[in-house]
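Remember, predicted model here, so these are calculated numbers, not experimental data.
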Amino acid sequence: QVQLVESGGGSVQAGGSLRLSCAASGYTYKRYCMGWFRQAPGKEREGVAAIDSDGRTSYADSVKGRFTISQDSAKNTLYLQMNSLKPEDTAMYYCAADCRYYPWWGYNYWGQGTQVTVSS
């Protein structure tokens with residue numbers, strides 16, 4: 001059974017940094033893509049960053065140049081390094097795995113989420 005567990009969220013002031021981690025079990029990285037999504041209160045969930053098995057990465061325009069997605073296949077862990085955080089980055093962040101259409105659609109597995117709060 002696939003399990004995704006996020007960690008690393010928290011509260012930070014604008015301009016600060018956080019690194020999110022997603023530990024995956026029961027899932028192999030070899031062929032599929034993984035991604036980070038976020039959902040703020042009252043807003044739809046949006047894709048933030050994604051990476052496929054070839055290492056190709058995609059980012060939402062709002063985070064380009066500030067966020068970096070990476071993975072450690074040996075540790076079965078996905079990361080999201082978030083720099084220059086802004087209050088509008090405040091949201092619940094979710095890890096997802098095994099997409100049907102790279103980068104944002106048809107993910108089969110989701111974590112429970114980790115909260116990121118950025119204060120001005």
Peer 1: Kindly give the heavy-atom pair with the smallest separation between G35 and L78, and that separation in Å.
Peer 2: O-CD2, 3.9 Å

Peer 1: Ignoring hydrogens, what is the shortest heavy-atom contact between A91 and R38? Give both atom names and the distance.
Peer 2: CB-CB, 3.8 Å

Peer 1: Indicate yes or no for a side-chain donor-acceptor contact from Q3 to the backbone of A24 under 3.5 Å, with no hydrogens or angles considered.
Peer 2: no

Peer 1: side-chain contact (heavy atoms from CB on, under 4.5 Å) for Y109 and C95? Distances and angles first, verdict last.
Peer 2: CA-CA 8 Å; Y109 305 108; C95 171; over 6 Å; no

Peer 1: To the nearest 0.5 Å, what is the distance between OG on S17 and CD on Q81?
Peer 2: 5.5 Å

Peer 1: What's the separation between atom OG in S62 and atom CD in E88, rounded to the nearest 0.5 Å?
Peer 2: 8.5 Å

Peer 1: Is the number of heavy atoms from other residues, nucleotides or ligands within 6.0 Å of CD (Q39) greater than 12?
Peer 2: yes

Peer 1: Grab the two heavy atoms, one from P87 and one from S120, that are nearest each other, plus how far apart they are.
Peer 2: CG-CB, 3.9 Å

Peer 1: Would L80 and R19 count as a side-chain contact (heavy atoms from CB on, under 4.5 Å) here? Give the steps.
Peer 2: CA-CA 6 Å; L80 184 68; R19 188 176 81 155; over 6 Å; no

Peer 1: Got D54 and Y102 here, is their nearest side-chain heavy-atom distance under 4.5 Å?
Peer 2: no

Peer 1: Please find the pair of heavy atoms, one from S21 and one from T77, that lie closest to each other, and give the distance.
Peer 2: CB-CG2, 4.3 Å

Peer 1: For Y107 and W104, work out which heavy atoms get closest and say how close.
Peer 2: CE1-C, 3.7 Å

Peer 1: Can you see which heavy atom on Y59 is nearest to which on I69, and at what distance?
Peer 2: OH-N, 2.9 Å

Peer 1: Where do Q13 and L85 land on the side-chain contact (heavy atoms from CB on, under 4.5 Å) test, with the steps shown first?
Peer 2: CA-CA 8 Å; Q13 289 190 330; L85 283 162; over 6 Å; no

Peer 1: Side chain of T114, backbone of G9: donor and acceptor closer than 3.5 Å?
Peer 2: yes

Peer 1: Hey, quick one: are V12 and V63 part of the same hydrophobic cluster, counting side-chain heavy atoms closer than 4.5 Å, chains of contacts allowed?
Peer 2: yes

Peer 1: Main chain of S84, side chain of R66: is a donor-acceptor contact present, judged purely on distance under 3.5 Å?
Peer 2: yes

Peer 1: Picking from D72, I51, T68, L20, what satisfies side-chain contact (heavy atoms from CB on, under 4.5 Å) with Y79?
Peer 2: D72

Peer 1: Do you reckon Y94 sits in the same ILVMFWY cluster as L4, going by side-chain contacts under 4.5 Å, direct or chained?
Peer 2: no

Peer 1: Please lay out, stage by stage, how D89 and K86 fare under the test salt bridge (Lys or Arg N to Asp or Glu O under 4.0 Å).
Peer 2: CA-CA 5 Å; D89 295 319; K86 303 175 181 180; over 6 Å; no

Peer 1: Once you round to the nearest 0.5 Å, how far does OG of S58 lie from NZ of K64?
Peer 2: 8.0 Å

Peer 1: What's the separation between atom CE in M34 and atom CG in N76, rounded to the nearest 0.5 Å?
Peer 2: 8.0 Å

Peer 1: Determine whether the aromatic ring centres of W110 and F37 lie less than 6.0 Å apart.
Peer 2: yes

